[in-house]
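All values reported here derive from a predicted model rather than from experimental measurement.
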Amino acid sequence: MYLQRDDLHERYLPALEDARSADVSTAMGGRVRSIVDFLDRVTYRVMNTEEELDQVFQLRYESYRHMGLIGDLRDGRWSDRHDADPSYRNFGVFVDGALMGAIRVNVLSSGSRDSMALEMYPETLGPMVDAGCRIVEASRFCHSMEGVRRHPALTFATIRVVALAAVHHRCTHLTSSVRREHLKFYERIVGARPVEGSDVPYKGHSSEVNVSLFIAAVSPMIRRAATAQQYFLASRGETDLLFSKSAKSIPIRPTAADVLLGAPSMLETIQ
């Protein structure tokens, strides 16, 4: 089951044209405008090499240590078995050339079931996958504490990777297991809905914490990208660099502002 072209165009393109026909400086609210402007300082990178992944693992360790999720580790790095799985991809978020955020993405489908969330919630996600849903899963979201303090929009720039992955891979849903106190953020940004009764202990860190599963439908998120969350806009060129099978480890510039100014959106090129 994929997002259908007609569904994408019906939900997305009229709203995008309305946004483009408006004055760009007034088409967005102040916070959205500030996030789009912030993206001018951001580059993404597919973290493929041993050295790049080592940077991600160090950043994870520092972030998780600060949040009290893990104890001291001699090597100052934190990773899990999924980092070696080629179906998972780690992304770095750089601000002014410095690594300040990272997130990991994989696609869950009938042909690809290696998933942290599916292991934890087989009774919820298993039937969806069996029915043909394609689900993008986000995990290992982390930030430099200094980066978040200096750049509040860093969180949005990082979540943007997951939203783009969902559309690029024609997924029907987006999911992640997060701490309950973070659910409101995901409800607001991607339309996430917490799964009733999914609050369970997660023991993958040194400290046991409770996490909850959320699921978000991708189609409504698409329209919001044009009407209220224009920082989720992107060109086909940007998403190909991020998510193609042969993606290279190069700086990748966000293109939300380009699309608002008339550059072809990723969805306008879907056949």
Exercise for review: Verify whether one side chain among His173 and Arg134 offers a donor that lies under 3.5 Å from an acceptor in the other.
Suggested key: no
Practice item. State whether Arg89 and Asp83 are salt-bridged, where the test is any N-O pair (Lys NZ or Arg NE/NH1/NH2 against Asp/Glu carboxylate O) under 4.0 Å. Key: no
Check your understanding: With the threshold set at 4.0 Å, does a side-chain nitrogen-carboxylate oxygen contact exist between Arg150 and Asp96?
Key -> no
Point to revise | Val93 vs Tyr44, side chain to side chain contact (heavy atoms under 4.5 Å, CB included): CA-CA, chis, key distance, verdict | key: CA-CA 5 Å; Val93 183; Tyr44 299 119; 4.0 Å; yes
Check your understanding: If every non-hydrogen atom of Thr175 is compared with every non-hydrogen atom of Ala117, which pair is closest and at what distance?
Key -> CG2-CB, 4.5 Å
Point to revise | Evaluation steps, salt bridge (Lys or Arg N to Asp or Glu O under 4.0 Å), between Glu146 and Arg149 | key: CA-CA 5 Å; Glu146 176 67 11; Arg149 186 187 66 78; 2.7 Å; yes
Practice item. For Ile215 and Met128, work out which heavy atoms get closest and say how close. Key: CD1-SD, 3.8 Å
Practice item. Any chance you could lay out the side chain to side chain contact (heavy atoms under 4.5 Å, CB included) test for Ile103 and Val161, step after step, and finish with the verdict? Key: CA-CA 8 Å; Ile103 198 162; Val161 174; 4.2 Å; yes
Practice item. Could you tell me which non-hydrogen atom of Leu118 sits nearest to which non-hydrogen atom of Gly126, and how far apart they are? Key: CD1-N, 3.6 Å
Point to revise | Asn210 and Arg180, any side-chain heavy atoms less than 4.5 Å apart | key: no
Check your understanding: Is Ser198 reaching over with its side chain to a backbone N or O of Val195, donor-acceptor style, under 3.5 angstrom?
Key -> yes
Check your understanding: Is the centre of the Trp78 ring less than 6.0 Å from the centre of the Phe57 ring?
Key -> no
Check your understanding: If you measure from OH on Tyr186 to OG on Ser212, what distance do you get to the nearest 0.5 Å?
Key -> 12.5 Å
Review point. Among pairs that include at least one residue of residues 91-110, which meet ring-ring contact (aromatic ring centres under 6.0 Å, His included), considering only residues two or more places apart or in two chains?
Key: Phe91-Phe243
Revision key, fill the gap. On a heavy-atom basis, the closest approach of Gln229 and Ile189 is NE2-O, 2.7 Å
Point to revise | Of all pairs that satisfy salt bridge (charged side-chain N to carboxylate O under 4.0 Å, His left out), the ones with a partner from residues 244-255, not counting sequence neighbours | key: Arg253-Asp258
**Study point:** CD/Glu123: more than 12 non-hydrogen atoms of other groups inside 6.0 Å
**Key:** yes
**Study point:** For Val148 against Leu154, the heavy-atom pair lying closest together
**Key:** N-CD2, 3.9 Å
Check your understanding: Is the closest basic N to carboxylate O distance between Arg160 and Glu238 below 4.0 Å?
Key -> yes
Practice item. For Asp240 and His168, run side chain to side chain contact (heavy atoms under 4.5 Å, CB included): C-alpha distance rounded to whole Å, both residues' side-chain angles, the deciding distance at 0.1 Å, then the answer. Key: CA-CA 8 Å; Asp240 281 348; His168 178 87; 3.2 Å; yes
Review point. Transitively linked via ILVMFWY side-chain contacts under 4.5 Å: Ile159 with Met145?
Key: no
Review point. Should Val218 and Val167 count as side-chain neighbours, where that means a heavy-atom distance under 4.5 Å?
Key: yes
Review point. Only one of Gln55, Arg60, Glu52, Arg140 clears side-chain hydrogen bond (donor to acceptor under 3.5 Å, both in side chains) with Asn90; which?
Key: Arg60
**Study point:** Any donor-acceptor pair under 3.5 Å from Glu137 side chain to Ser115 backbone
**Key:** no
Review point. Are the side chains of Val178 and Phe141 in touch, meaning some heavy atoms are under 4.5 Å apart?
Key: no
Exercise for review: Using distance alone, with no hydrogens and no angle criterion, decide if Thr158 and His143 have a side-chain donor and acceptor under 3.5 Å apart.
Suggested key: yes
Review point. Taking side chain as C-beta onward, heavy atoms only, is Val105 less than 4.5 Å from Tyr88?
Key: no
Exercise for review: Could you walk me through whether Leu260 and Gln230 pass the side chain to side chain contact (heavy atoms under 4.5 Å, CB included) test, one step at a time?
Suggested key: CA-CA 8 Å; Leu260 274 173; Gln230 290 92 339; 4.0 Å; yes
Practice item. For the pair Ser244 (side chain) and Leu241 (backbone), establish whether a donor and an acceptor sit closer than 3.5 Å, ignoring hydrogens and angles. Key: no
Exercise for review: Taking salt bridge (charged side-chain N to carboxylate O under 4.0 Å, His left out) as the test, write out the residues that go with Asp37, two or more places apart.
Suggested key: Arg33
**Study point:** Ring centre gap for Phe156 and Phe232 strictly below 6.0 Å
**Key:** no
Exercise for review: Kindly indicate whether the side chain of Arg81, heavy atoms from C-beta on, has any atom under 4.5 Å from the side chain of Asp114.
Suggested key: yes
